[in-house]
Amino acid sequence: MSLVRRCAILMALLLLAFLSACTQPQTPATVSPSELASDVRTLSLNWMLAINAKDIEKTLSYYAPDATVYPPGAAAATTPEQRRRVWVDEFALSGFRLDLTASSVEAAASGDLAVETGAFILSAYDEQGKPFAMKGKYVCVWKHQKDGSWKAYQDIWNADQ
């Protein structure tokens with residue numbers, strides 16, 4: 001094989017390796033924990049907007065395929081159908097609105113998990129049409145996915161009273 005051909009093959013391989021590296025999602029290990037926490041805060045706010053719009057598909061899209069949801073007073077929801085049922089039931093509340101206030105978001109140094117904690121107020125109307133508000137707290141564990149996205153992996157909330 002000629003020197004020119006060897007150089008051309010080597011250059012092609014180097015170019016392929018370079019392009020492959022450029023198209024890979026940024027790995028969480030290359031991003032600081034504070035940047036990851038900021039990303040999760042933004043995701044959480046956008047998720048709350050989808051929830052308040054009662055957009056079931058968008059709401060469910062924030063969950064990892066292997067996510068578990070722990071709604072108050074109910075069994076854990078581990079399948080896509082069970083997670084859907086949780087949100088269909090929540091959205092069925094007349095006047096439903098959810099306000100989240102994150103108190104902390106901490107990302108693991110490894111960059112593969114982040115934990116968000118905070119408080120919520122769920123507002124709606126009861127069967128007699130009277131407004132009520134349930135205050136509580138929540139914990140959401142976010143998991144970095146192979147495609148570079150972050151998804152809710154463990155989601156639990158419960159009322160203060």
When the ring centroid of Phe120 is compared with that of Tyr138, is the distance short of 6.0 Å? no
Contact list for residues 53-66, test salt bridge (charged side-chain N to carboxylate O under 4.0 Å, His left out), sequence neighbours left out: Glu57-Arg84, Asp66-Lys143
Do Arg83 side-chain atoms and Ala67 backbone N/O form a donor-acceptor pair below 3.5 Å? yes
Glu35 and Ser38 side chains, donor-acceptor separation under 3.5 Å: no
With a sphere of 6.0 Å drawn around CD of Gln145, does it hold more than 12 non-hydrogen atoms of other residues, nucleotides or ligands? yes
Is it true that Thr117 and Ser104 share a donor-acceptor pair across their side chains at a distance under 3.5 Å? yes
Donor-acceptor contact present, side-chain Asn52 to main-chain Leu98, <3.5 Å: yes
Trp142 and Glu116: side chain to side chain donor-acceptor pair (under 3.5 Å), yes or no, with the steps? CA-CA 8 Å; Trp142 294 83; Glu116 175 186 2; 3.0 Å; yes
Can Phe96 be reached from Leu45 by stepping across I, L, V, M, F, W or Y side chains whose heavy atoms are under 4.5 Å apart? yes
Looking only at side-chain N and O atoms, does Trp47 offer a donor or acceptor that is under 3.5 Å from a partner on Tyr63? no
Nonpolar side-chain network containing Val141, other nodes, edges under 4.5 Å: Tyr70, Leu113, Val115, Val139, Tyr153, Ile156
Are Asp39 and Arg41 ion-paired here, with the side-chain N under 4.0 Å from a carboxylate O? no
Sequence neighbours excluded and cut-off under 3.5 Å, please list the side-chain donor-acceptor pairs for residues 124-136, or say none.
from, atom 1, to, atom 2, distance (Å)
Asp126, OD1, Gln128, N, 2.9
Asp126, OD1, Gly129, N, 3.1
Asp126, OD1, Lys130, N, 2.9

